[in-house]
Structure formats: C-alpha cells, structure tokens
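These notes concern the structure reproduced below.
Chain naming here is simple, since letters A, B, ... match the order of the sequence lines and numbering starts at 1 in each.
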Amino acid sequence: MRDYHCLKKQKTTFFSSSLIPTPLSPIPSILFFLKPFSSNPNPNPNPNPIAIPKAKPNLSVFFSKCIDKSSVYSWNSAIADLSRNGDFLESILAFSSMRKHSIKPNRSSFPCAIKACGALSDACFGKQLHLQVLVTGFEPDIFVSSSLVDMYAKCGELGDARKLFDGIPCRNVVSWTSMMTGYVQNGAAREAVLLFKELLAEESRRGGECLVDDVAIVSVLSACSRVLEKWVTRGVHGFLVKRGFEGELGVGNTLMDAYAKCGDLVVARKVFDGMDYKDVVTWNSMIALYAQNGLSAEALGMFSLMLKDRDVMCNAVTLSAVLLACAHSGALQLGKCIHVQVIKMLLEENVFVGTSVIDMYCKCGRVGMARKAFNRMKGKNIKSWTAMIAGYGMHGQAREALEVFDEMQSAGVKPNYITFVSVLAACSHAGLVTEGWQWFNAMAIEFNIVPGVEHYGCMVDLLGRAGHLNEAYDLIKQMKVKPDFVVWGALLGACRIHKNVEIGEISARKLFELDPKNCGYYVLLSNIYADAGRWNDVDKLRVMMKKRGLVKPPGYSLVEFKGQIHVFLVGDKEHPQQKKIYEYLETLSVKMQEAGYVPDTTSVLHDVDQEEKETVLRIHSEKLAVAFGIMNTVQGTTIQIIKNLRVCGDCHTAIKFISKIVSRQIVVRDSNRFHHFKDGLCSCGDYW
DNA sequence: CTAGGGTTAG
C-alpha cells in the first residue's frame with residue numbers, strides 16, 4: 001500500500017512512447033539530463049536551463065503532426081500528457097493547435113488545458129478557454145467546472161472562482177477541494193475552514209452521502225496550518241480519525257505540519273512516530289519543522305535517521321531544510337558537507353537550495369563563500385538577492401549590501417518588504433544614516449511599500465545609535481503601526497549607549513508592558529541608572545525583578561570542533577578541558593594587561609567589589625569559547641564562535657586584544673550581528 | 001482522452 005500515491009500520481013508515457021521518432025533527435029538527451037531534476041517538485045521558479053523554452057512549442061507542433069490529427073481522442077491525450085508532465089505551455093499550445101485543425105473539443109479536452117492555465121497563472125488564456133466552454137456548452141460538466149474553479153483560484157481571481165463554484169448544481173469532492181485550496185493558496189485559510197464546515201453541512205443535507213476524501217482532508221489541514229489555532233487542527237484530527245483517514249500518507253504529512261505550525265511540535269512528532277509509512281515528504285517535513293523552530297540539533301538528528309532509512313532518498317527540500325539548521329546552529333563544517341552534497345546532486349541551480357546555501361554561509365560567518373555561491377546561481381529571484389543583502393548587512397558590510405541591492409534593481413528584480421528590511425538593517429549595522437533615510441523614504445514613494453514595524457525598528461536603531469535619540473523617538477511617535485518590543489528595545493539600547501535616562505525610562509516602561517518576562521530591559525535600564533549614579537533606582541529595579549521572578553538567561557557560546565558543537569556557559573566548569581582553558585585564560589590575561597587592556601566592569605552589578613567583578617568578567621562564555629578555539633585549532637585558521645546574547649563590551653575589547661596577541665582571526669556571531677576580530681580591531685568599528 | 005492535496009529559502 002505504501003506505493004499507493006506513486007501509482008496514483010504516476011506520470012504517463014507520452015514522450016517515451018513510440019511517438020519519439022528518430023534516434024538522432026536531441027530530445028532523449030534532454031530527457032536524460034532532466035532525470036536528476038525530475039524529483040524537483042517545483043519546476044516553475046527556476047526553469048531548468050537545459051530545457052530551452054523556445055524549443056518547446058516546436059515540440060508540441062512536432063508531436064501534433066505525428067498523432068492522428070482527425071481524432072479528438074489523440075488531441076486529448078496529447079493535452080493531458082503534456083499537462084501532467086508539467087509542460088503547461090505546450091499543453092495549451094496543443095489545445096490551440098487542435099482548434100486550428102478544426103477539431104471540436106469534447107468534455108475531456110478542457111480540464112487539462114484549463115489546469116495548465118491555472119498552473120501558469122495565465123488568466124488571459126484561461127478566460128478564453130472558459131468562453132469556449134460556454135460556447136460548446138460544457139459548463140455543466142463537473143470535471144470542466146471544477147477545473148475552472150481551480151484555474152480562477154490559481155490565477156488569484158478568488159471572486160470569479162467562488163461565483164463559478166456557487167453555480168455548480170451538484171458539487172462533488174473535487175469541486176469543494178478546489179475551492180478550499182483556492183482559499184488557502186490566496187491567503188484566506190479561515191475561509192477554507194469555514195467552507196469545510198459548509199461541506200459537512202452539505203453532506204448531512206444529502207443524507208450522509210460521503211463528500212470527503214483524503215485530498216479534501218489534506219486541503220483543510222493545510223488551511224489549519226495557516227489558521228494557527230490548535231483547537232481547529234484538533235477538531236479536524238478527530239474528524240479524520242473517525243472517518244478512517246488516519247493511515248493516509250498525505251494526511252499524516254499535513255497533520256504533522258498543521259500541529260507544528262499551531263505551536264505543538266510534540267504532537268507533530270507523535271504523529272510522525274505514529275506513521276507506519278513515511279515518504280520523503282514525511283521526513284522533510286519533520287526536519288524542516290525542527291529547523292524552523294530553532295531546534296537545530298533535533299533537525300540534524302532527524303536527517304541522520306533519514307539517511308539510515310533505505311527506503312527514502314533525500315532531495316532538494318531535505319537539503320534546504322538541513323542547511324537552515326546549519327545556519328541557525330552555525331555549523332559551518334556540516335554546512336560545507338551539505339553544500340558538497342548539493343553539488344553532487346546537481347542542485348546548485350535550484351533557487352531554493354541555492355538561497356539556503358547563501359544563507360547558511362552568511363550565518364556561519366563566511367560572506368565570501370556566500371558571494372561565490374551567489375555568483376554561480378543563475379535563476380536568482382527576490383529571495384536570493386535579499387539573502388545576499390541581509391548577509392552583507394549582518395557582517396557590517398553595508399556598502400557591499402547596497403551594491404548588491406543596486407545590482408538587483410539593474411537586473412530588473414523589484415525589491416519587496418523584506419528586501420527593505422535587509423537594506424535598512426544593513427544601514428543600521430554600519431551607521432549609514434543618510435542612506436538609511438534615503439531608502440526609508442524611497443520605499444513608500446518609489447516602491448509603494450508601506451513601512452512596517454520591522455522597518456521602523458531598523459530606523460530607530462540606526463538613528464538612536466547614531467546619537468539622534470530625539471529624532472528616533474519622534475519617528476516612533478509618527479508610526480501608524482503599533483511599535484513592538486524591537487522598536488522600543490532599539491531605543492532603550494541607544495539610550496544605554498548615549499546615557500539618556502529620560503527617554504530610556506519611557507522606552508523601558510513600554511517594554512515592561514510589551515515583553516514583561518524579558519529581563520534584558522531591566523538590566524539595560526539598570527545600567528543607565530548606574531551610569532548616572534542613581535543607585536537607589538538600580539536597587540529598586542533589582543527588587544522589582546526579584547518580585548516578578550525574573551532571572552537573567554544564561555549566556556552561552558558555541559564552537560564547532562571536529563564536527564561536534566561545544567557549548568560553553570558563563571563560568572562553565574563542566575567542559576573536559578576546563579582546567580587547561582582557565583589556565584590558558586590566566587596567561588592570556590597577563591599578556592592582555594601588559595598590552596594595555598583594562599577590564600571594563602560597568603556592565604556588572606555595582607555592589608560587587610572590583611576584584612570579584614574582574615573574575616566574573618573573565619569567565620564570560622565567549623572568552624571560554626575563544627580560549628578553547630585557540631587551543632584546539634592550528635595557526636592560520638579562523639576561530640568561530642556563536643553567542644546567544646549580544647557580546648558584552650568587555651569581551652569585545654578583550655577579544656580585540658586576544659586577536660592581536662595570538663595573531664588569529666576570530667569571528668563572533670552574537671544575537672545581533674557578526675564581529676570579525678583581526679589585529680586588535682573589530683569589523684564593527686566598535687559600532688554595535 | 002477529463003478536475004482537487006502534503007515538505008524547502010530571504
């Protein structure tokens with residue numbers, strides 16, 4: 001039974017049948033090269049360059065000469081086979097070709113041709129076909145009308161789709177499913193769920209006649225995964241168990257996804273574990289869900305289990321999800337191995353995978369490698385460009401980011417909402433106030449994109465850190481959307497840098513409301529008070545934190561070494577090498593102080609005496625990780641560290657000294673951006 | 001000779 005879906009979805013053999021005439025034809029070799037890509041389920045965004053579009057129409061014209069031109073059945077199978085093989089344009093061309101031969105289409109001629117229009121989002125030709133349907137009188141046909149509903153929905157014409165749907169006298173499962181999926185794919189998941197309820201009402205009206213099948217369930221579950229309310233998913237889950245759809249592969253796959261998207265990864269995992277038959281989608285979904293939720297270790301663990309399962313092969317989707325896990329955890333070595341796998345599987349030109357590779361290299365500290373992969377990509381789309389811009393931004397290379405942004409526009413790719421977030425973030429990391437304002441203003445006027453909360457967040461950060469605190473505050477006051485914790489957090493952070501108590505208090509008060517469990521804001525405000533010498537207020541804050549049961553989350557740093565991720569906590573004593581690490585840090589400390597390093601203790605609570613403070617500082621996780629990195633890697637290689645919080649001011653200074661003393665390059669990714677330390681300097685120019 | 005579904009990137 002496990003192959004049920006394969007059988008159901010098996011492609012027909014239009015091309016490999018006797019219709020391919022001569023061995024000299026170039027087509028078989030194209031088919032040969034196409035084979036590795038045939039598992040790629042997403043042919044649209046990145047058309048395989050080998051399949052030259054210009055050649056295709058000739059293909060179908062050619063085939064049309066080979067078939068019995070006088071038989072409508074031959075035309076129908078040509079249209080259907082082309083459509084099923086994903087050659088939608090040819091399918092449509094075959095239909096027009098048939099009309100040119102004055103063959104009258106019958107009811108079976110339409111559905112596949114209409115579907116092809118939907119697949120290409122070609123509403124224009126779709127409407128022409130609809131007209132022909134009306135002229136030939138096939139509109140009452142359930143196959144024809146259902147495919148029209150699907151086509152209009154896929155072209156984004158939801159209203160027309162619904163009008164047609166409502167006009168179908170005796171709707172079947174397929175009509176209902178087409179309409180539900182139409183809603184889901186147009187961002188109206190809630191309507192899809194409501195339609196499902198209507199469907200159930202219709203069922204009972206018809207005296208219990210079954211109108212639901214596994215595809216309908218999959219459709220409603222995919223709506224659930226976007227509605228984000230667990231009780232809806234639970235309800236559908238109960239229903240599908242009652243109707244006996246639990247064992248269906250596709251149903252299980254979607255159910256997992258729905259639960260996870262509603263926030264319950266544990267139940268999603270239970271569904272996964274309970275599935276007797278798992279296909280590549282099952283595995284991919286579980287890996288992706290873990291990766292998307294930041295559970296990189298679980299995602300990578302799943303991946304290795306998948307590799308052990310001899311019944312499935314990983315594909316583009318798998319690698320894309322695994323690369324995301326690498327990016328999050330900063331696992332550069334593993335990420336490189338996956339990249340090699342990508343190349344071996346000839347997936348380098350797949351936009352999804354290519355963009356994942358770029359993102360992985362950026363987030364693992366290697367913008368240069370990201371750029372190389374980026375340059376090799378052929379079918380760049382908006383996400384690929386944006387990934388590269390964001391990548392340069394997080395490394396503080398705003399000029400490069402803006403250059404890529406420029407190139408993108410020259411290439412005729414329109415920037416979107418997220419592109420501008422990346423551009424403004426790049427400006428804020430580098431303190432480019434003029435450019436920031438320029439693009440912030442341009443996005444609304446020239447690009448018709450209303451600035452959202454993320455854009456304001458970047459601008460407040462940019463202005464605030466540049467010292468324009470009042471300007472930043474005024475910008476918040478002008479916002480039409482409600483400022484979130486990122487916006488106020490940026491302002492508070494800027495107040496800490498520029499020692500502004502007044503605006504700092506305003507921001508902190510907002511933050512205590514918006515994000516009451518985060519004690520980072522208490523600490524920041526407390527630092528502002530401490531700088532101003534207002535110790536009473538510092539104490540008040542401490543009492544408040546205690547009363548609210550807030551504990552500072554422990555800082556930790558990660559280092560990848562020999563394929564393993566080593567975790568260091570603040571003041572860690574658990575690591576097998578801890579004695580050596582502390583000894584090494586001791587000798588480093590002496591050399592650093594000889595070189596002029598003065599421990600900065602301002603970020604430590606004020607009532608600890610000086611000596612104690614220095615000890616506390618010395619064991620910040622990033623310092624432990626740096627020491628471990630130096631001790632275990634060879635001279636000349638880059639040491640790479642990932643920290644969960646922002647790097648502290650003292651550690652930043654210390655690592656600058658260390659990079660010079662041991663002549664090593666040290667890359668630190670903190671929660672905000674990258675710092676590249678070299679020769680006693682940091683790439684952020686101490687601006688962060 | 002005919003229609004609907006599940007996993008991936010910024």
Name the nucleic acid region contacted by [X], choosing base, sugar-phosphate or nothing; use a 4.0 angstrom heavy-atom cut-off, strictly under.
X         : value
Val149(A) : nothing
Thr386(A) : base
Ala291(A) : nothing
Leu324(A) : sugar-phosphate
Ser285(A) : sugar-phosphate

Does OP1 or OP2 of dA3(B) have a side-chain N or O of Arg107(A) closer than 4.0 Å?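 False: Arg107(A) side-chain N/O out of range (4.0 Å or more) of dA3(B) OP1/OP2.
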Distance check: side-chain N/O of Lys115(A) vs OP1/OP2 of dT2(B), anything under 4.0 Å?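 The answer is no; no side-chain N or O of Lys115(A) sits under 4.0 Å from OP1 or OP2.
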Would you indicate which nucleotide in [options] comes nearest to any side-chain atom of [X]?
X         : options                 : answer
Gln185(A) : dA9(B), dT2(B), dG5(B)  : dG5(B)
Gln292(A) : dA9(B), dA3(B), dG4(B)  : dA9(B)
Lys261(A) : dG5(B), dT2(B), dT8(B)  : dT8(B)
Ile142(A) : dG10(B), dG4(B), dA3(B) : dA3(B)
Phe143(A) : dT2(B), dG5(B), dT8(B)  : dT2(B)

Can you measure [X] atom [atom1] to [N] atom [atom2] for me and round it to whole angstrom units?
X         : N       : atom1 : atom2 : result
Asp257(A) : dG5(B)  : CG    : C1'   : 13 Å
Phe110(A) : dG4(B)  : CZ    : P     : 16 Å
Glu454(A) : dG10(B) : CD    : P     : 14 Å

Between the base of [N] and the side chain of [X], is there a donor and acceptor pair under 3.5 angstrom?
X         : N       : answer
Asn381(A) : dG10(B) : no
Asn172(A) : dA3(B)  : yes
Thr177(A) : dG4(B)  : yes

Answer yes if the ring centres of Phe405(A) and Phe420(A) are under 6.0 angstrom apart, and no otherwise.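 Yes, close enough.
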Is it true that [X] and [Y] have a side-chain N and a carboxylate O under 4.0 angstrom from each other?
X         : Y         : result
Asp273(A) : Lys270(A) : no
Glu191(A) : Arg226(A) : no
Arg171(A) : Glu209(A) : no
Asp264(A) : Lys230(A) : yes

